[in-house]
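Presented below is the structure to which this report refers.
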There are 2 protein chains.
Amino acid sequence: MSSVNIIVKPEAETPRPPPRERILAAATELFYRQGIRAVGVEAIAEAAGTNKMTLYRHFASKDELVAECLRGFARHVEAAWSALAEAVPDPKARLRIWVREVSNRVTDPGDRGCALVNAAVEIPEKDHPARRVVEAFKSAQRDRLVGLCRQAGARDPAALADELFLLIEGARVCAQSMGPKGPCCQLVRLGETVLQSHGA
Amino acid sequence: MSSVNIIVKPEAETPRPPPRERILAAATELFYRQGIRAVGVEAIAEAAGTNKMTLYRHFASKDELVAECLRGFARHVEAAWSALAEAVPDPKARLRIWVREVSNRVTDPGDRGCALVNAAVEIPEKDHPARRVVEAFKSAQRDRLVGLCRQAGARDPAALADELFLLIEGARVCAQSMGPKGPCCQLVRLGETVLQSHGA
DNA sequence: CAGCTGTGGTACCGATCGGTAACAAGGCAA
DNA sequence: TTGCCTTGTTACCGATCGGTACCACAGCTG
């Protein structure tokens with residue numbers, strides 16, 4: 001049995017990623033599902049198939065690991081945003097598809113809202129490295145949305161973008177506290193109203 | 001010096017509230033400002049001018065203390081809601097004043113959003129006593145808002161109430177992650193639009 | 001082969017966590 | 001005054017927290 005394992009090279013199976021990536025993946029998932037403060041580094045290392053020592057060889061502290069997880073999450077969202085831009089060139093259609101996608105995600109009972117917003121709620125300290133990530137990401141996202149609203153021909157792109165932000169963040173947080181059958185179901189309808197009132 | 005303190009009875013000063021109330025007040029404040037998991041029972045007892053032992057004589061556990069704090073907060077909000085109903089009998093005006101009050105509170109940089117929503121974000125466990133408090137409160141608040149929208153003559157009171165919920169929760173959470181100068185500033189304007197579109 | 005680097009494992013650090021036992025002191029009613 | 005109930009104080013419990021020291025081993029390069 002052991003000889004088989006030694007001789008037969010499992011070239012079909014994907015080699016496990018390096019420890020740093022495994023740690024980031026495990027930490028991102030655990031932080032999102034259980035909350036940042038609720039998860040200890042020991043549990044993260046175990047979920048990543050490694051140990052605390054290796055974790056601390058790659059991340060200076062738990063706070064830095066949190067910040068790095070949020071950075072990775074932000075990159076992931078930005079990639080999805082770019083992919084959507086490529087798939088749906090028309091700005092007006094893209095806005096509507098984006099709203100609908102958020103609405104679909106909110107309906108999922110396993111959804112826990114925006115990881116960055118959750119982190120901002122859980123971490124009040126202004127100087128925490130994670131806070132800077134949240135602020136930078138939200139600011140960039142706002143800029144992108146303003147640009148898209150402008151492309152869509154909105155009369156006041158900044159105002160439309162902010163109103164859409166209100167609706168979407170509201171829907172996501174309502175789903176957390178009032179369930180997927182609550183006010184968040186109004187997102188698509190209200191979003192369409194707002195888009196039309198701005199001529200987009 | 002000590003004789004003075006003994007002889008002169010300070011009858012003008014308000015007698016300090018009983019320990020249970022002091023603990024609840026201190027815990028509510030600390031949980032809101034720093035987050036629930038970030039505050040230990042020792043710090044709560046100290047802030048309340050008492051000790052851990054007395055705390056555990058009044059509350060079975062920290063989780064129960066959290067739930068009781070949220071219950072007190074919910075009662076406080078309900079009282080404010082009733083006071084507003086008495087002060088502003090006209091339903092349409094009351095809706096607008098309520099939206100404006102939320103907008104003003106959100107602008108305050110010291111605001112940390114809705115304590116119940118924050119608790120829901122921080123506590124994912126479905127069976128935590130605090131979760132039940134949040135769900136009961138949010139459900140009651142939604143019912144009240146639907147009733148008020150009906151009184152205000154809205155064509156579809158439930159839909160209007162849910163849309164207003166989306167806006168308000170969105171504004172409060174946006175203020176946390178994007179600051180008081182961000183999208184939350186659109187709350188009053190967008191709220192007025194929604195109210196008018198429903199004929200309220 | 002030697003030597004280096006990255007990883008895993010274990011044991012440990014001081015601090016803090018939620019929660020409790022035991023006892024002294026005060027207020028208050030009988 | 002006696003006796004009870006509540007509070008305050010101190011010390012403690014096991015568990016876990018974030019973080020580290022030390023060593024063994026595997027893989028790669030020279």
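Nothing here was measured: the structure is a model prediction, and the numbers come from that model.
Clustering ILVMFWY residues whenever any of their side-chain heavy atoms sit less than 4.5 angstrom apart, transitively, puts Leu148(B) in the very cluster that holds Leu84(B).
For DNA chain D, the neighbouring residues in residues 43-53 of chain A, judged by any heavy atom under 4.0 Å, are Lys52(A), Met53(A). Heavy-atom distances under 4.0 Å link DNA chain C to Arg57(A), His58(A) of residues 55-63 of chain A, given in residue order. Within residues 25-35 of chain A, no residue has any heavy atom under 4.0 Å from DNA chain D.
Residue Leu116(B) is found in a hydrophobic cluster whose other members, listed by chain and number, are Ile23(B), Leu24(B), Leu30(B), Phe31(B), Ile36(B), Val39(B), Val41(B), Ile44(B), Leu55(B), Tyr56(B), Phe59(B), Leu65(B), Val66(B), Leu70(B), Phe73(B), Val77(B), Ile123(B), Val133(B), Val134(B), Phe137(B); membership requires side-chain heavy atoms under 4.5 Å apart, directly or through intermediates. Apart from Val146(A) itself, the hydrophobic cluster it occupies contains nothing, where clustering links Ile, Leu, Val, Met, Phe, Trp and Tyr at side-chain heavy-atom distances under 4.5 Å.
Using a 4.0 Å heavy-atom cutoff across all strands shown, Arg22(A) reaches sugar-phosphate atoms only and no base atom.
Among pairs with a residue in residues 143-161 of chain A, none fulfils side-chain hydrogen bond (donor to acceptor under 3.5 Å, both in side chains), at least two apart in sequence or across chains. For residues 182-194 of chain A, the set of pairs meeting the side-chain hydrogen bond (donor to acceptor under 3.5 Å, both in side chains) definition, not counting sequence neighbours, comprises Arg96(A)-Glu192(A), Gln186(A)-Arg189(A), Arg189(A)-Glu163(B), Glu192(A)-Gln196(A).
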Distance-only donor-acceptor hits, side chain of residues 165-177 of chain B, under 3.5 Å, sequence neighbours excluded:
residue: Glu169(B); atom: OE2; partner: Lys138(B); partner atom: NZ; Å: 2.8
residue: Gln176(B); atom: NE2; partner: Asp111(B); partner atom: O; Å: 3.3
residue: Ser177(B); atom: OG; partner: Val173(B); partner atom: O; Å: 3.4

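Atom CD1 of Ile23(A) and atom P of dG6(C) are 14 Å apart (whole Å). The separation between Glu42(A) atom CD and dT10(C) atom P is 11 Å, rounded to whole Å.
Under the side chain to side chain contact (heavy atoms under 4.5 Å, CB included) criterion, Asp63(A) pairs with Ser61(A), His128(A), Pro129(A), sequence neighbours left out. Taking Arg22(B) as the reference, nothing meets the salt bridge (Lys or Arg N to Asp or Glu O under 4.0 Å) condition, with sequence neighbours excluded. For Glu68(B), the side chain to side chain donor-acceptor pair (under 3.5 Å) partners at least two apart in sequence or on another chain are Arg71(B).
Between chain A and DNA chain D, the heavy-atom contact criterion of under 4.0 Å yields a 5' to 3' nucleotide range of dG18(D) to dC22(D).
Side-chain atoms of Thr107(A) and Asn104(A) include no donor-acceptor pair closer than 3.5 Å.
Here the closest non-hydrogen pair linking Val106(A) and Cys184(A) is CG1-SG, 3.5 Å.
No side-chain heavy atom of Cys149(A) sits under 4.5 Å from any side-chain heavy atom of His198(A). Counting only heavy atoms from C-beta outward, the side chains of Leu95(A) and Leu145(A) approach each other to under 4.5 Å.
For dT7(C), neither phosphate oxygen OP1 nor OP2 lies less than 4.0 angstrom from any side-chain nitrogen or oxygen of Thr54(A).
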